Peer 1: 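Below are the structure tokens for one structure; questions will follow.
Sequential numbering from 1 along the given sequence is applied to the chain's residues. This one's a predicted model, so the numbers in the text were calculated from it and none came from an experiment.
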Amino acid sequence: MKLKKLFVANVLALFSTVILVGCGSTSSQKSAPKGTVRISSKDIISTMDPSLNTDVIGAQNLNNTMEGLYRFKGKNIKPALATNLAKPTNNGLTYTFKLRPNAKWSNGDPITASDFVYSWRRTVDPKTKSTYSYIFEGITNAKDISAGKKPVNSLGIKALNKHTLQVDLEKPVPYFNTLLTSPTFFPQNKKVITKWGKKYGTNSQTLVSNGPFKLVKWNSPDNSWTEVKNDKYWDAKDVKVQKLQYQVVKDASTALNLYQSNKLDRVLLTGDSAKQMKNAKDYKIQKESTTFYVAPNIKKVSLFNNTKIRQALSMSVNRQQLTKKVLGDGKVASLSTFPAKMTFNPETKVDFAKETQASAVATNAYNPTKAKQLWQEGLSETNNKGKKFSFTLLGDDSDVAKKQAEFLQNQFEKLPGLKINVTNVPFKSRLARAKSGDFDLLVTGWSADFPDPITFLTLFNTDASNNDGKWSNTEYDNLVNKSLNEDANNPMARWQDMKAAQNLSNREVPAIPLYQNGEAWLTKSRVKNLDYGPTGAYNMISLRLKD
């Protein structure tokens, strides 16, 4: 999401204090509620509106309770509301989807092709103010509609009949099928949204589901929520778990306590708790196609417009020390904002990250001596030699995020004359401040919406809605746009365009890369078949319980 996807929260959950059970001990699983899986969450759900969601927490819960044309099962795309995987016609410009005639919303309404038409038009409509509307670019007129240049009803999507949907593209989109697994492309029920207006997606009363589960008794500020099996779901027979219970836990030791006292079945650990449990049999690192980085606000702080200043900040960070000693929970130091082992050369099958590694090492590898040199050169080039600067680093408010911010503060302040103040805020506030540009330096991240390099590369386009730091480079924009347009049907030419763009990004440092995310999880043996897809979302249809 991916996306949207999406922003990523580097946080854990907050809950009431629980008495610690001895390390390694686990109370009897007989007390676990039958048919229910209890999971810790990184943070609250900000919204359940598919048009407005921008983070992985919302994306996961939308995947639990909603469904689009396709769904990932493992790493493979499978039909969901579509009856099969559509093959494009008209030189790759037209897709025709047959929908399942028995599919219904949880309120009993039939799911029709018109629900997709309404949903997609709503998302690209500038009145909706979706920060993910750009992901529709390539669909006929989508970009012009989002820019307010064409009417919403000119979008290249139409219902041929009740159960047949046609999508027309302006140009071939090589990764179009993977896009359709994203919550942004899910159908929406016009009747329900019209009834609730701006309240839609803010609490469970305003929602209607078409996926395997339904969200119940939830309001957006809640630190816990429950999802129950949706009996109206077209594939309900394959959904074996009856209930999902989520609990936000921001303190890792509390998460461990809840797990050891058998109050949660699956918890996310960080820091000392992760180190403490790394040899436990139910401990596992889940690698993600997610990277974290520090975005300098180039629009707000003119000094950050200098490439050497950004390079100096990047070279001043000891990422190995950050990931191994401060975090210690499966995160892997990265010199690039692009994740490893996500996409591969269409001919040689070499990892995209590996093919662009040399430029990342040259500019971002830890080198405090070189960092100070570049810092001084950058100050001279901007007529700031000898001046002192004070900037605020904005991050999340979890314990691990605070420790991370303190570490970065220490690293950056080794540059002469630089003072860093740290501000930690709740995840939802951080997202809002990122969107409004209310920061100097921002700790943030991105998770793949779909397994293709473009999902990361478009982040730093000049006009990208999620380009928080507002970096702009014409050569970079041209390379990315070339991969999306004239070279879209030539896999190797497109690959070379994207490599050149990433190499340029590595050299210019629009953001200071920190690490690729890996999460440390403890999972009870009763929980089976965790189906983790390439975009980072779980397919809860596959989930099983051994009670």
Side-chain angles (χ1 to χ4, degrees), residues 2-5 7 131-132 134-135 137-138 143 146-147 171 173-175 291-315 334-339 342-343 345 352-364 374 378 381 434 437 441-442 444-446 448-450 452-488 490-514:
K2 83 182 89 230
L3 214 177
K4 35 314 272 81
K5 146 216 28 49
F7 292 99
T131 57
Y132 257 119
Y134 74 89
I135 207 171
E137 291 179 17
K143 188 173 184 178
S146 294
K171 57 190 177 184
V173 179
Y175 47 86
T291 57
F292 279 85
Y293 48 87
V294 177
N297 194 335
I298 294 171
K299 183 178 181 180
K300 179 182 178 183
V301 182
S302 59
L303 183 67
F304 294 153
N305 198 44
N306 184 274
T307 301
K308 289 182 178 178
I309 292 294
R310 299 194 302 273
Q311 290 173 341
L313 289 167
S314 187
M315 287 188 176
S334 177
L335 300 176
S336 171
T337 53
F338 193 90
M342 185 185 79
T343 52
N345 186 304
F352 184 87
K354 187 173 183 179
E355 287 195 355
T356 57
Q357 184 177 13
S359 59
V361 172
T363 310
N364 296 302
L374 289 168
E381 290 177 3
L441 295 160
L442 171 73
T444 187
W446 191 258
D449 292 309
F450 49 93
D452 187 275
I454 207 68
T455 187
F456 279 87
L457 295 177
T458 51
L459 270 179
F460 299 111
N461 273 10
T462 297
D463 59 354
S465 58
N466 290 313
N467 181 1
D468 298 319
K470 305 305 179 186
W471 178 73
S472 178
N473 184 288
T474 302
E475 182 184 357
Y476 182 87
D477 290 347
N478 290 339
L479 287 166
V480 173
N481 291 334
K482 189 178 179 185
S483 77
L484 289 169
N485 293 285
E486 63 187 88
D487 290 338
N490 186 329
M492 278 311 299
R494 179 173 180 266
W495 187 262
Q496 294 302 326
D497 295 337
M498 294 189 294
K499 273 180 56 181
Q502 185 61 48
N503 283 327
L504 192 155
S505 174
N506 289 341
R507 294 191 299 269
E508 291 292 315
V509 197
I512 296 109
L514 298 176

Peer 1: Using the ring centroid of each side chain, check whether Trp471 and Phe304 are separated by less than 6.0 Å.
Peer 2: no

Peer 1: Could you please spell out the steps behind the side-chain contact (heavy atoms from CB on, under 4.5 Å) verdict for Val480 and Phe460?
Peer 2: CA-CA 10 Å; Val480 173; Phe460 299 111; over 6 Å; no

Peer 1: Determine, stepwise, if the pair Trp495 / Asp487 fulfils side-chain contact (heavy atoms from CB on, under 4.5 Å).
Peer 2: CA-CA 9 Å; Trp495 187 262; Asp487 290 338; over 6 Å; no

Peer 1: What closest approach, in Å, do Ala295 and Gly469 show between heavy atoms, and which atom pair accounts for it?
Peer 2: CB-N, 4.4 Å

Peer 1: Between CD1 of Ile298 and CG of Asn306, what distance do you get to the nearest 0.5 Å?
Peer 2: 10.0 Å

Peer 1: CZ/Arg507 to OG1/Thr356 distance, rounded to the nearest 0.5 angstrom?
Peer 2: 11.0 Å

Peer 1: Do Ser359 and Asn503 pair up side chain to side chain, a donor and an acceptor below 3.5 Å, judged on atom types alone?
Peer 2: yes

Peer 1: Please check if any side-chain donor atom of Thr343 sits under 3.5 Å from a side-chain acceptor atom of Asp452, or the reverse.
Peer 2: no

Peer 1: Might you point out which heavy atoms bring Pro296 and Arg310 nearest each other, and give the distance in Å?
Peer 2: CG-CD, 4.1 Å

Peer 1: With side chains defined as the heavy atoms from C-beta onward, is the minimum distance between Thr444 and Tyr293 less than 4.5 Å?
Peer 2: yes

Peer 1: Which distance, rounded to the nearest 0.5 Å, do you find between the CG of Asp477 and the OG1 of Thr462?
Peer 2: 3.5 Å

Peer 1: For a side-chain contact (heavy atoms from CB on, under 4.5 Å) check, start with the C-alpha distance between Leu313 and Val294, then their side-chain angles and the critical distance, and finish with the verdict.
Peer 2: CA-CA 10 Å; Leu313 289 167; Val294 177; over 6 Å; no

Peer 1: Which of these, Val509, Leu374, Asn506, sits in a side chain to side chain contact (heavy atoms under 4.5 Å, CB included) with Thr363?
Peer 2: Val509

Peer 1: Nearest heavy-atom pair of Ser465 and Thr131: which atoms, and what distance?
Peer 2: OG-O, 2.6 Å

Peer 1: What distance do Ser314 atom OG and Ile309 atom CD1 have between them, rounded to the nearest 0.5 Å?
Peer 2: 13.0 Å

Peer 1: Do you know which two heavy atoms are closest between Leu457 and Tyr476, and how far apart they sit?
Peer 2: O-OH, 2.5 Å

Peer 1: What is the ring orientation for Phe450 with Tyr175, classed by angle as parallel under 30°, tilted 30 to 60°, or perpendicular over 60°?
Peer 2: parallel

Peer 1: When you look at Glu508 and Thr307, which way does the side chain to side chain donor-acceptor pair (under 3.5 Å) test go after all the steps?
Peer 2: CA-CA 6 Å; Glu508 291 292 315; Thr307 301; 3.0 Å; yes

Peer 1: Which heavy atom of Gly138 sits nearest a heavy atom of Val173, and at what distance?
Peer 2: CA-CG2, 4.2 Å

Peer 1: How long is the gap from CG on Asn481 to OG1 on Thr474, to the nearest 0.5 Å?
Peer 2: 10.5 Å

Peer 1: With a cut-off of 6.0 Å (strictly less than), are more than 12 heavy atoms of other residues, nucleotides or ligands near NZ of Lys354?
Peer 2: no

Peer 1: Do Asp463 and Tyr134 come close enough that some side-chain heavy atom pair is under 4.5 Å?
Peer 2: no

Peer 1: Carefully, step by step, assess Thr455 and Met342 under the rule side-chain contact (heavy atoms from CB on, under 4.5 Å).
Peer 2: CA-CA 11 Å; Thr455 187; Met342 185 185 79; 4.3 Å; yes

Peer 1: At what distance, to the nearest 0.5 angstrom, does CH2 of Trp446 lie from OG1 of Thr337?
Peer 2: 12.0 Å

Peer 1: With a sphere of 6.0 Å drawn around NZ of Lys299, does it hold more than 12 non-hydrogen atoms of other residues, nucleotides or ligands?
Peer 2: no

Peer 1: Which heavy-atom pair separates Pro453 from Phe352 by the least distance, and what is that distance?
Peer 2: CG-CD1, 4.0 Å

Peer 1: Is the side chain of Asn473 donor-acceptor paired with the backbone N or O of Glu475 at a distance under 3.5 Å, no angle test?
Peer 2: yes

Peer 1: When you measure from the side chain of Asn485 to the backbone N and O of Lys171, does any donor-acceptor pair fall under 3.5 Å?
Peer 2: no

Peer 1: Crowded around Lys143 NZ? As in, over 12 foreign heavy atoms under 6.0 Å?
Peer 2: no

